[in-house]
Each structure stands twice: as structure tokens, then as C-alpha cells.
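In what follows, a single structure is set out as C-alpha cells and then discussed.
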Amino acid sequence: MSDHTAVESNRSHWDENASTYNSKFEKTILQIIAEVQARLDWIGVDWIEDSSGNETSESSSKGPTKEVRLLDYACGTGLVSRALAPHVTQCVGIDLSEGMVDEYNKTVENQGIPHSEMFAQVGNLLDESDPSPAALSGPEFYNFDIAVVGLGFHHFDKPSFAAKQLAARLKPGGVLLIIDFLPHGDHKHNHDHPAAHTVTHLGFSEEAVKTMFEEAGVGGRFEYDVVGKGIVFHGVKEEGNTMSRSVFMARGFKL
Ligand SMILES: C[S@@+](CC[C@H](N)C(=O)[O-])C[C@H]1O[C@@H](n2cnc3c(N)ncnc32)[C@H](O)[C@@H]1O
């Protein structure tokens, strides 16, 4: 699949499915959020204390004393931002699909969260012919403490280029975190699977992800953790059954 085809397939598929994504995948989204939140220490960022309501020394009325900034790349409706928002000072989402970005920003607005603390922007950092797009060149799109891609890497044509592009947006010592599928069978010919034509990779082994991180300069203290129970995709059927996938989280520090 060429760059152009993957990008266009993804854009149109996710635009069409943006408004139903949260309701269709509600249980799956909550399951992944819980798995991310269970790994805060393992991810290894120097988080701010939970600012979602529990008063702590750092989340007192004075607000957090340090900045912790999250890049949620291929953010969709904002799963990763939802999981990590209580522990960072700013969430910046980027996604190819305007529909997904609209859903992300609608939720932020409905929750009364200031734009300066959480927003998403339409964009693509993965076009090798335009690797530094003007829309993503402002200082708000650089120097992140952590960049995360939740279930996006298997939609990218060149995951290794994606890792390099995201690494470039991190501070030295920043963390790249990828959440994606372990290697699995081919579902491209399964007509019940609506997103099949947007998928470019059938999962990633630990070895493949480690090489990708090392080549991108984010191989420091690399770890690949398999989510024990696997993740059930309640809204998707595969061979007549509800789709279930083994999921990993991989993280490394920018050297
Ligand atoms: C399965 S959804 C995951 C969304 C969200 N991260 C989550 O975990 O719910 C995949 C997302 O990747 C986005 N995407 C695909 N290719 C992209 C690219 N080259 N740049 C930015 N986003 C991309 C799609 O638009 C879609 O929103």
C-alpha cells in the first residue's frame, strides 16, 4: 500500500466513523485507559500529582509547579489524553482525520477544559515529502515530555519513520510510548472488519519495536510490556466472533 493510499483510506474511514467511535468502543476505551493508568510508574515520566480532584501537595490551589506536556499522536477522539490528563499540565492531540479532531475538541469544550490545557489539531507528521508541515511547526508542537500513539502504528505506512518524527518532538529524556497489537493473523479479506483497508501492519514483535526505538534515538531503558488479559473490541466482528487482540505497550527514553 502506498503512502497516499494509506493516508486517504485512514482519513476517509476515520472521518466517517468519528461520531460513533466513543459509543461503539466505550468498553474497549475504558479497558485501555485503565491499563495505561495502571502503568504510570512503569511509563516513567515525572508526572504531576493527580489534578482530577484529590488535593495533594502539588495539586493545591497554587496549581502544579512544573510543566509536563503530552503529545497524543493519532489521537482520535482522545483516549490517551483522557488516560493521562490528570497527570500532565497540557495534552496536545494531532490526527489526520478532521472528524476525529472535532470529536476530541468537542469533548474538551463540553468539559469546560481551557484550550491551552487540551486541544487537538488536524495534521500529519508522517508525509516524507513534507516532514515539517507548517500547521505543526509552532512551539506548542515541540519539546514534549511524552509522546504516545494509541493503536495508531498499525495504520502507518512507515512506523520506523513515525518513531523518528515523534522522537524529534520530544525533549531530551522524554518518553515515547506506543500501544499496539502483538503480531496477529491477516484480516484483510474479512468483509466484516470495517477498518481492514486502513491497516498497514499486522502487529509488531518486541524485537521490531526495539529496533525502531533504537533507530529513532528513543531506545533508552526500552521495555515492551504485554497487556495480560488482551483487549476485546466489542464493536468489531472477526470471523463471526467479537475481535480480540493481544496488546503491548512499549516505552523508551530519548537519549
Ligand atoms: C484506531 S484509531 C486510534 C485513535 C486513538 N489513539 C485511540 O486509541 O482511540 C487510529 C487513528 O489514527 C489516525 N491516523 C492514521 N494515520 C495517521 C497519520 N499518518 N497521522 C495522524 N493520524 C493518523 C486515524 O485518523 C485514527 O484517528
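Counting convention: from 1, in listed order, for ligands and their atoms alike. Residues: numbered from 1 along the sequence shown.
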I'd like to know whether ligand 1 has Val80 as a neighbour, heavy-atom separation below 4.0 Å. no
Hey, mind stepping through Asn143 and Arg69 against side chain to side chain contact (heavy atoms under 4.5 Å, CB included) and telling me if it holds? CA-CA 8 Å; Asn143 271 315; Arg69 298 179 57 245; 4.1 Å; yes
Looking only at N/O atoms, are His155 and ligand 1 under 3.5 Å apart anywhere? no
Check each of Thr77, Val199, Asp72, Leu96 against atom 22 (N) of ligand 1 and report the one with the nearest heavy atom. Leu96
Lys/Arg cation over aromatic Phe144: Arg169, 6.0 Å, 45° cone: no
What I want to know is whether Leu151 and ligand 1 share at least one N or O pair that is separated by under 3.5 angstrom. no
Write out the residue and atom name of the closest protein heavy atom to atom 8 (O) of ligand 1, then the distance separating them to 0.1 Å. Gly150 O, 3.2 Å
Which residue supplies the protein heavy atom nearest to atom 24 (C) of ligand 1, what is that atom called, and how far is it? Trp14 CD1, 3.1 Å
What is the closest protein heavy atom to atom 13 (C) of ligand 1, and at what distance does it sit? Asp95 OD2, 3.4 Å
Flag the pair Tyr224 / Phe213 as yes when their ring centroid distance falls below 6.0 Å, and as no otherwise. no
Within ligand 1, which atoms have a heavy atom of Ser97 less than 4.0 Å away? 25 (O)
Using 30° and 60° as the class boundaries, would you call the ring planes of Phe119 and His115 parallel, tilted or perpendicular? parallel
In ligand 1, which numbered atoms sit nearer than 4.0 Å to a non-hydrogen atom of Asn10? 15 (C)
Report yes if some N/O of Ala74 lies less than 3.5 Å from some N/O of ligand 1; otherwise report no. yes
Main-chain N/O of Ala167 paired to Lys254 side chain as donor or acceptor, under 3.5 Å: yes
Under 4.0 Å between a Lys/Arg side-chain N and an Asp/Glu carboxylate O for Arg11 and Glu8? yes
Can a donor-acceptor pair be found, under 3.5 Å and without considering hydrogens, that links the side chain of Arg245 to the backbone of Asp180? no
Counting only N and O atoms by type, is there a donor-acceptor contact under 3.5 Å from the side chain of Asn124 to the main-chain atoms of Leu96? no
Checking contacts here: is it the side chain or the backbone of Cys75 that comes within 4.0 Å of ligand 1, counting heavy atoms only? Could be both or neither. backbone
Of the choices Tyr73, Phe25, Tyr21, which has the non-hydrogen atom that lies closest to atom 20 (N) of ligand 1? Tyr73
Please list, in number order, the atoms of ligand 1 under 4.0 Å from a heavy atom of Met100. 27 (O)
Please determine, by modelled atom types, if His234 and Thr28 share a side-chain donor-acceptor pair under 3.5 angstrom. no
Considering only protein heavy atoms, which is closest to atom 19 (N) of ligand 1, and at what distance to one decimal place? Asn124 OD1, 3.0 Å
